[in-house]
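Following: one structure in structure tokens, then a few remarks.
Note that the structure is predicted; figures quoted are calculated from it, not measured.
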Amino acid sequence: MRPPAPRSSTRLDHYVDRYAARTHGMTASEIRALFSVASRPEVVSLAGGMPNISGLPLDVVGAAIHDLVRDHGAVAMQYGSGQGDPRLREQICEVMRLEGIEAHPDDVVVTVGSQQAVDLVTRVFCDPGDVVLCEAPSYVGALGVFRAYECDVVHVAMDDDGLVPSALREAIAAVRAAGRRIKFLYTIPNFHNPAGVSLSAERRREVLEICRDADVLVLEDNPYGLLGFDAEPQPAMRADEAEGVIYLGSFSKTFAPGFRVGWALAPHAVREKLVLAQESATLCPPSFSQMAVSTYLATADWQNQVKQFCELYRERRDAMLQSLTDLMPVTARWTVPGGGFYVWVTLPEGLDAKAMLPRAVTARVAYVPGTAFYADGFGSQAMRLSYCYPTPDRIREGVRRLVGVVEEELELRHTFGTDGRFSSTLRRGYEAPNTDLT
Ligand SMILES: Cc1ncc(COP(=O)(O)O)c(C=O)c1O
């Protein structure tokens, strides 16, 4: 049989007018092309948020996986439960206990990374046009999900202590005054991606109280909670409030992202909906990955491994903060993370991190411009720097190169004054955009 003749069309994509409306928001990031250059070895990338798993004992993990295949291969390579492996769900409850959560394995749904948990929760709750409240800035992967389900994101201001309660109150009132429905507040209380800050204990209580009073569900996304440098993990928001919070966790940062194992802990009725959504999305989360993670938790000293990760990240954070303090112009500001992977830098007034990125990549350093973390185009004066992956020496070199670029930009600005290139209206650091939706 002859293959069908190719369709002749001058259009690059024959199907362009057949895609569902929800795909219109699914656009490749404008900075993706630059990142293929940024991944060259001569470029110091302070952009990516890849966990640094070089310290994992691969021989121990390899031996455990060997035993798993030998002893339980027929189960590990078979379909499994849509809700996830019961033994792993019990172990997940043990992990969550470290953050003060008392939960039953029946209320846990295993997901393909916590990214899929964000997707399933949004799928279950959101119709097009529904409002999701998010911190300003917020995790780019969650913003992508909210866009794909055609939600309207309303950002809420943060400061060094995390989400600002008064701004949350105002945002809820403004959205409701505009006759819109809020489906949930998406929040990252620990070592925020990208802002690097954590929600203070006092504010956790206040935010929960506001959401309880206003009947707003909280989606607590907590992949970094155990990666603190200086103190014991803070109790999760879910530890104080079971009915009004869906909690998301992940083994991507405490073990390895390649297994793609995360979870959602949800009030019972919601959990049932999530399992149905999981079954229609994947039938079941991968049995093999779940059993590999479960075996690792049972046989390795995983908590000690997390401590070693924390030491590795602390050393890198210190290198980054020290270099910023030593080299950055005094008019720049940055957050001081107590854990996690990220520092949020606000550039001197008038500089635009997105416009500057090609020049930075030419100078062999990369970062993510702040605009990637807003649903509404704000954040141009800011950037996210990640310290998780490069060595401390590379981080110092990266910051040195970055400061060189910033100084050149300031020099240009000084020489040519505030021309069109620099004069965009900028909001400081992480103020909220206008919450007036009318
Ligand atoms: C805040 C936040 N949530 C969710 C995820 C997704 O993680 P995973 O799907 O690997 O569990 C990430 C990954 O970087 C993240 O930073």
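- The main-chain N or O of Ile188 is never found under 3.5 Å from a side-chain atom of Asp221 such that the two would form a donor-acceptor pair.
- Minimum heavy-atom separation, Leu143 to Ser138: CD1-O, 4.0 Å.
- Between Phe191 and Phe229, the ring planes lie parallel to each other; the angle is under 30°, not in the 30° to 60° tilted range.
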_Walk me through whether Arg204 and Asp240 qualify under side chain to side chain contact (heavy atoms under 4.5 Å, CB included)._
CA-CA 9 Å; Arg204 278 170 206 245; Asp240 275 343; 5.8 Å; no
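- Looking only at distances, a side-chain donor or acceptor of Tyr387 sits under 3.5 Å from a matching main-chain atom of Gly340.
- Panel note: side chain Thr335, backbone Ala195; a donor-acceptor pair is recorded below 3.5 Å.
- Val306 meets the side-chain contact (heavy atoms from CB on, under 4.5 Å) test with Leu226, Leu227, Thr254, Trp302, Cys310; sequence neighbours excluded.
- At a threshold of 4.5 Å between non-hydrogen side-chain atoms, the residues Trp263 and Tyr247 count as touching.
- The aromatic rings of Tyr313 and Phe341 are tilted relative to each other, their planes meeting at an angle between 30° and 60°.
- Under a 3.5 Å cut-off, the side chain of Gln115 and the backbone N or O of Gly141 do form a donor-acceptor pair.
- With respect to Asp152 and Arg180, a salt bridge is recorded, a charged nitrogen being found less than 4.0 Å from a carboxylate O.
- With hydrogens and angles left out, the side-chain atoms of Gln278 and Thr282 include a donor and acceptor closer than 3.5 Å.
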*Would you sort out whether Leu385 and Leu402 count as a side chain to side chain contact (heavy atoms under 4.5 Å, CB included), showing the intermediate values?*
CA-CA 10 Å; Leu385 300 183; Leu402 178 63; 3.9 Å; yes
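- Relative ring orientation between Phe373 and Trp344 is described as perpendicular, the plane-to-plane angle rising above 60° on a 0-90° scale split at 30° and 60°.
- For Arg169, the salt bridge (Lys or Arg N to Asp or Glu O under 4.0 Å) partners two or more places apart in sequence, or in a different chain, are Glu206.
- Atom-to-atom distance recorded for Phe251:CZ and Ser294:OG is 8.5 Å, nearest 0.5 angstrom.
- Remark: side-chain polar atoms of Arg260 are paired, donor with acceptor, to backbone N or O of Pro257 under 3.5 angstrom.
- Summarising the geometry of Val154 relative to Val131, their closest heavy-atom pair is CG2-CG1, 3.7 Å, with the distance given to 0.1 Å.
- Between the side chain of Arg203 and the backbone N or O of Gly162, at least one donor-acceptor pair lies under 3.5 Å.
- If you look at Phe146 and Tyr186, their ring centroids are closer than 6.0 Å.
- Contact annotation: the side chain of Glu135 never approaches that of Pro137 to less than 4.5 Å [non-hydrogen atoms, C-beta and beyond].
- The CE atom of Met320 sits 7.0 Å away from the OG atom of Ser386 when rounded to the nearest 0.5 Å.
- Heavy-atom minimum distance, Val112 versus Gln116: N-OE1, 2.8 Å.
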*Determine, stepwise, if the pair Met356 / Val406 fulfils side chain to side chain contact (heavy atoms under 4.5 Å, CB included).*
CA-CA 8 Å; Met356 196 176 87; Val406 168; 3.8 Å; yes
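- Here the straight-line distance linking atom OG1 of Thr111 with atom CG of Leu274 works out to 9.5 Å at 0.5 Å rounding.
- Gln305 places no side-chain N or O within 3.5 Å of a backbone atom of Phe255 that could act as its donor or acceptor partner.
- Comment: Arg205 does not engage Glu209 in a salt bridge, judged by the lack of any side-chain N to carboxylate O separation of less than 4.0 angstrom.
- Between Cys126 and Lys183, the shortest heavy-atom distance links the atoms SG-CB, 3.8 Å.
- For the pair Ser45 and Arg394, the minimum side-chain heavy-atom distance is 4.5 Å or more.
- Taking CD1 of Ile172 as the start and CD1 of Ile182 as the end, the distance is 5.5 Å to the nearest 0.5 Å.
- With sequence neighbours left out, Ala21 forms a side-chain contact (heavy atoms from CB on, under 4.5 Å) with His24, Glu150.
- Between Glu408 and Arg359, none of the side-chain N atoms (NZ, or NE/NH1/NH2) sits under 4.0 Å from a carboxylate O, so this pair counts as no salt bridge.
- Listed by chain and residue number, Phe125, Phe184, Ile246 satisfy the side-chain contact (heavy atoms from CB on, under 4.5 Å) test with Leu217 (two or more places apart in sequence, or in another chain).
- The minimum heavy-atom distance between Ser287 and Ala76, with the atom names listed, is CB-O, 3.4 Å.
- Taking 4.0 Å as the cut-off between side-chain N and carboxylate O, Glu90 and Arg87 do not count as a salt-bridged pair.
- In this structure, Glu94 pairs ionically with Arg97, as a charged nitrogen and a carboxylate oxygen lie closer than 4.0 Å.
- A distance of 12.5 Å separates CD of Glu407 from CG of Leu412, quoted to the nearest 0.5 Å.
- Listed for the Arg384 side chain is a donor-acceptor partner under 3.5 Å among the backbone atoms of Ala47.
- Qualifying side-chain contact (heavy atoms from CB on, under 4.5 Å) partners for Asp107, counting only residues two or more places apart in sequence or in other chains: His104, Leu265, His268.
- Smallest separation of non-hydrogen atoms from Val261 and Gln290: CG2-N, 4.2 Å.
- Residues satisfying the ring-ring contact (aromatic ring centres under 6.0 Å, His included) criterion with Tyr139, sequence neighbours excluded, are absent altogether.
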*asked:* Run the salt bridge (charged side-chain N to carboxylate O under 4.0 Å, His left out) test on Glu409 and Arg413 for me, step by step, so that the C-alpha distance in whole Å, both residues' side-chain angles and the decisive distance to 0.1 Å come before the verdict.
replied: CA-CA 6 Å; Glu409 296 284 301; Arg413 191 174 145 73; over 6 Å; no
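- Using a 4.5 Å heavy-atom cutoff, the side chains of Glu241 and Val218 are not in contact.
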*Can you list the steps and then say if Leu357 with Tyr367 is a side chain to side chain contact (heavy atoms under 4.5 Å, CB included)?*
CA-CA 8 Å; Leu357 184 60; Tyr367 55 82; 3.7 Å; yes
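- Atom CE of residue Met328 and atom CZ of residue Arg400 lie 13.0 Å apart, to the nearest 0.5 angstrom.
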